[in-house]
Amino acid sequence: MTQLDSDRRPPVTGPGGTVLVPVTEHHADRSRPLGAFTIHADGTVSFVPVMDPQRLAWCAVAGLVAVAAVAAATRGRGPSIGTVSMGPGGWVSLKGAASPHLTPRRRSDRPWWARLLRAHRLVVQ
């Protein structure tokens, strides 16, 4: 259970009658400062938070790990075929590529826009 404590330390009086009341958060075995309430001479109260450098460093490390994981997951593999070269006369050579399996085209393989427009392939009879 977290408990906020501002009564253990006496308030600090600053210049011009400003009073600083430190606020810490206590856990079972440790405590960390959260900031301080500043009570000015005119009666206004404001809270000044404390930056926690250890928490900031852990957040930066976690962010870098997340970015590295996303970059590793989205990085594409290399090509699935070997060298592609252009021969004389404009023919293309695919070394190391297996011949594709010839399968009949199914009707459901049409793109979404062709199904939406009810478009059909023009076939010369």
Side-chain angles (χ1 to χ4, degrees):
M1 174 128 291
T2 303
Q3 175 184 350
L4 297 177
D5 182 26
S6 61
D7 298 331
R8 293 189 182 199
R9 292 187 222 155
V12 179
T13 305
T18 302
V19 178
L20 298 174
V21 180
V23 179
T24 57
E25 178 182 31
H26 293 284
H27 290 283
D29 59 343
R30 61 191 153 101
S31 66
R32 69 178 183 102
L34 292 178
F37 283 107
T38 305
I39 304 170
H40 300 281
D42 59 355
T44 59
V45 178
S46 61
F47 181 74
V48 181
V50 174
M51 184 183 75
D52 188 4
Q54 185 176 8
R55 182 173 284 189
L56 183 65
W58 278 111
C59 289
V61 168
L64 288 175
V65 167
V67 167
V70 168
T74 59
R75 189 172 70 191
R77 293 180 292 175
S80 60
I81 60 174
T83 306
V84 178
S85 61
M86 188 73 103
W91 56 270
V92 176
S93 172
L94 300 174
K95 295 184 181 181
S99 60
H101 298 286
L102 298 177
T103 57
R105 186 173 176 91
R106 294 188 312 243
R107 186 174 181 166
S108 65
D109 289 342
R110 292 175 35 201
W112 66 268
W113 55 267
R115 286 192 302 268
L116 179 70
L117 296 174
R118 297 182 183 163
H120 294 283
R121 183 182 299 260
L122 293 176
V123 179
V124 177
Q125 299 285 337

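Both backbone and side-chain heavy atoms feed into the values below; hydrogens, waters and symmetry mates do not.
Applying the side-chain hydrogen bond (donor to acceptor under 3.5 Å, both in side chains) test to T44 and every residue at least two apart in sequence or in another chain returns D42. By the side-chain contact (heavy atoms from CB on, under 4.5 Å) test, A114 pairs with R110, P111, A119, sequence neighbours left out. The side-chain contact (heavy atoms from CB on, under 4.5 Å) check on R118 picks up nothing, with sequence neighbours excluded.
Residues in residues 42-70 take part in these ring-ring contact (aromatic ring centres under 6.0 Å, His included) pairs, two or more places apart or across chains: F37-F47.
When the side chains of ILVMFWY residues are joined at heavy-atom separations under 4.5 Å, either directly or via intervening members, V70 and L64 end up in two distinct hydrophobic clusters.
Residues R32 and R55 are in side-chain contact: their nearest non-hydrogen atoms beyond the backbone lie under 4.5 Å apart.
In this structure, CD1 on I39 lies 10.0 Å from OG1 on T18, to the nearest 0.5 angstrom.
Applying the 4.5 Å side-chain rule to ILVMFWY residues, one finds L56 in the same cluster as M51.
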